[in-house]
Each structure stands twice: as structure tokens, then as C-alpha cells.
Colleague: 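Starting off with a structure, shown below.
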Amino acid sequence: MKFFVDTAEIDQIKELNDLGMVDGVTTNPSLILKSGRDILEVTKEICSIVSGPVSAEVVALKADDMIAEGRKLAAIAPNIAVKVPLTWDGLKACKVLTGEGMMVNVTLCFSANQALLAAKAGATFISPFIGRLDDINIDGLDLIADIRTIYDNYGFETQILAASIRSANHMSECAKIGADVATAPAAVIKAMANHVLTDKGLEGFMKDWAKTGQKII
Ligand code: G3P
């Protein structure tokens, strides 16, 4: 499973990228707001750091306007994936932009039917939002599993990009289901390293090591 980092914070992207943990980046209008940066500038900077797909989201609601914005965003760098919402207009924009050779990430997906339509429209990525489904007492991971089944049934090449990931548990569950990509905040990716038994074991080793009176260096 590829790891994308869901942020527009340059420091976080650099730290994870240096460790080989970043296969791509996803942003959205809320993350751009949080960064306090200009969308075109920050997206260009991210693309100069990360070689994998960098999702930049359109904000128009009509297909023609989305297409114009998508072309402008895609001109930033060759690794831009234009992000469009899963609306009828977004699907129209997806079809046109992928037809022009751009990568398109169809976002705000909350049902298997929406994912099926995105695949038919030629989406490069479909972004089902796990956490926001969990928030309304619908199991978001079930949606990832359903889309995996449907795409595999028919050989759709659209990659499942699990999004709205809130916990390290979401990451491992997505990997078990077979999501192609998971995009998560940097804190969630770092939390994957944590285990209480690792902490406990390390504490025991450190205590015993101190008793040996030895040094390695
Ligand atoms: O990738 C989508 C993500 O940014 C949304 O996450 O936690 O706001 O639902 P969240």
C-alpha cells in the first residue's frame, strides 16, 4: 500500500519524505487554509520535494470551470493529480481531464455507487472518506472493502485512495483490505510506530544495560 501524506505543511512532508514514507501528497481547501500559504506556491513547493502524485483540489462547482482550474493546477508540475468532487459536474470534469492525460483524484466519495461512477469516468484515484463515515456511525472500512470487491470484479484500474484516516488502526485495516493508497495526516503515520510493549521492552533493556556498566561508544 502506498502512503500519501494528507497535508500542505512543508516541514511534515520533508520529514516523512526523507524517511521514504511519502509516495505522494494530498491537499484540499481546508488544508491550504491551515497552511496559510498561497495554493499555487505551496503546491509547487510540494511538487519540488515529492516525486509521486500531489493532489490539488479545484474549487469551482461547474464542470467547465473545474476543467479550467484543473488545467491551471496541472500546469504547476507533471506530478499533479487534479482533485475534483464526486458530483455529476465533477465526473464530467474527470472524464475531460483524464482524456487530456492528467491524473484525476475524485474526492468526497461516501458510497460504492459513487466509486463505480468515478471508475467509469476514468478516475486515476477514488478517495473514499473513512473517518467521516465513522463519524455518522457507518463503518468507513466497509466502504473500502466494497469498492475493492467491485473494482476487482470488473478489473477497474482506478486506485482506491483511502482518505479521512484518523488512526493507525485505519492504516493497517486499509492495508489488509487491499486499498492501493492511504492518505493520512503525518501524526497518524508516525503513530503507526507506537506500541506499548515496545516502550515497556525498551525500558527493561535500558535498565539492564545500565546495570552492565558497559558502553558501545
Ligand atoms: O483526505 C481527506 C481528509 O483531508 C479529510 O479528513 O479528517 O477532515 O475527515 P478529515
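Both counts, for ligands and for their atoms, begin at 1 and track the order of listing.
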Colleague: What I want to find out is whether R148 reaches D152 closely enough, with some N-O distance under 4.0 Å, to be called a salt bridge.
Modeller: yes
Colleague: Heavy-atom contacts with A163 under 4.0 Å: which atoms of ligand 1 show up? List them by number with element.
Modeller: 1 (O), 2 (C)
Colleague: Between D64 and K92, does any NZ, NE, NH1 or NH2 come within less than 4.0 Å of an OD or OE carboxylate oxygen?
Modeller: no
Colleague: Are side-chain N/O atoms of T26 and T183 paired as donor and acceptor at under 3.5 Å?
Modeller: yes
Colleague: Could you tell me the residue and atom name of the protein heavy atom closest to atom 6 (O) of ligand 1, and the distance to it rounded to 0.1 Å?
Modeller: S164 CA, 3.5 Å
Colleague: Using 0.5 Å steps for rounding, measure from the OG1 atom of T158 to the CG atom of D180.
Modeller: 9.5 Å
Colleague: Do me a favour and list the nearest non-hydrogen protein atom to atom 3 (C) of ligand 1 with residue, atom name and distance?
Modeller: D6 OD2, 3.0 Å
Colleague: Give the cluster check for I189 versus V22: same hydrophobic cluster or not, with ILVMFWY residues linked at side-chain heavy-atom distances below 4.5 Å.
Modeller: yes
Colleague: As an exercise, identify every atom of ligand 1 less than 4.0 angstrom from a heavy atom of R132.
Modeller: 5 (C), 8 (O), 9 (O), 10 (P)
Colleague: Counting each atom of ligand 1 from 1 as listed, which ones have a heavy atom of F129 under 4.0 Å away?
Modeller: 2 (C), 5 (C)
Colleague: Check ligand 1 against R166 and write out every atom of the ligand that is under 4.0 Å from a heavy-atom position of the residue.
Modeller: 7 (O), 9 (O), 10 (P)
Colleague: According to a hydrophobic-cluster definition based on side-chain heavy atoms being under 4.5 Å apart (Ile, Leu, Val, Met, Phe, Trp, Tyr only), do F125 and I130 belong together?
Modeller: no
Colleague: With a 4.0 Å heavy-atom cut-off (strictly under), which part of N28 contacts ligand 1: side chain, backbone, both or neither?
Modeller: side chain
